[in-house]
J.: 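Right, I'll just put the structure down here and ask away after.
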Amino acid sequence: MIIMIAAVAENNALGKNNELVWHLPNDFKRFKALTTNHYIIMGRKTFESFPKPLPNRTHVIITRQKDYNPEGCIVVDSIEKAIAVCPENEDSYVIGGGEIYNLALPYADIIEITKVHHTFEADAFFPKISKSEWLLVEAETNIKDEKHLYDYTYETYIRK
Ligand SMILES: NC(=O)c1ccc[n+]([C@@H]2O[C@H](COP(=O)([O-])OP(=O)(O)OC[C@H]3O[C@@H](n4cnc5c(N)ncnc54)[C@H](OP(=O)(O)O)[C@@H]3O)[C@@H](O)[C@H]2O)c1
């Protein structure tokens, strides 16, 4: 299955200047637990937002650049090719950013959103999720604490 995973603010903000605009350690842990040992599909900008590739995951990077070839990564020039290189009958994760979530939405089976209950200035945004196409099947809210400045809810959507 193709699963999109994202942390999304109330105004659909994802990040600014190629960085996240919040720090939620529990969300990082959940992201790691879900994506480890899987293929992860991402845009070139999201890949470059990491200090180094994420361990124990196969990186599939989407770019229009012909000569882009970071070591140990699969590079493709479309979302269709990205999905095609992922193993069938396994979960593969689309991890962003805004441009790639838009391209991947028609192909996604599940969306895992961490809704961050705040609005942020941003230059990358998650696409609008149509309630007529997507069903919310799980929601677990976590209240802010000394390590998490905002309340946040883990939401799981499946395609209707
Ligand atoms: N909150 C979250 O969960 C989350 C998750 C991921 C990222 N982010 C944030 O999102 C931001 C990055 O998102 P973004 O939208 O700016 O960039 P992005 O989606 O990560 O990457 C965009 C790049 O993908 C390539 N691309 C896009 N459409 C393409 C197409 N049709 N065919 C081939 N290649 C294509 C292009 O690469 P080239 O320019 O190389 O051709 C383009 O510049 C950052 O702020 C990051 O921190 C947030």
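Atoms within each ligand, like the ligands themselves, are counted from 1 in listed order. Computation of the quantities below employed the complete heavy-atom set of this structure, encompassing side-chain atoms and omitting hydrogens, waters and symmetry-equivalent molecules.
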J.: Using a plain distance cutoff, I'd like to know if Gly15 has any nitrogen or oxygen under 3.5 Å from a nitrogen or oxygen of ligand 1.
T.: no

J.: Decide whether an N or O pair under 3.5 Å exists between Asn17 and ligand 1.
T.: no

J.: Are Phe47 and ligand 1 in contact, using a heavy-atom cut-off of under 4.0 Å?
T.: no

J.: So does Glu80 have more than 12 non-hydrogen atoms from other groups sitting under 6.0 Å from CD?
T.: yes

J.: Using a strict 4.0 Å cut-off to heavy atoms of Lys16, name the atoms of ligand 1 that fall inside it.
T.: 45 (O)

J.: Quick check on contacts: which atoms of ligand 1 are under 4.0 angstrom from a heavy atom of Ile95?
T.: 5 (C), 6 (C)

J.: Under 4.0 angstrom from ligand 1, any heavy atom of Phe125?
T.: no

J.: For ligand 1, which atoms have a heavy atom of Gly96 less than 4.0 angstrom away?
T.: 6 (C), 20 (O)

J.: Which atoms from ligand 1 have a heavy atom of Trp22 less than 4.0 Å away?
T.: 1 (N)

J.: Check Asn18 against Ser49 and note the closest heavy-atom contact, atom names and distance.
T.: O-CB, 3.3 Å

J.: With heavy atoms only and a cut-off of under 4.0 Å, state how Met42 meets ligand 1: side chain, backbone, both or neither.
T.: neither

J.: Is it the side chain, the backbone, both or neither of Phe126 that has a heavy atom closer than 4.0 Å to ligand 1?
T.: neither

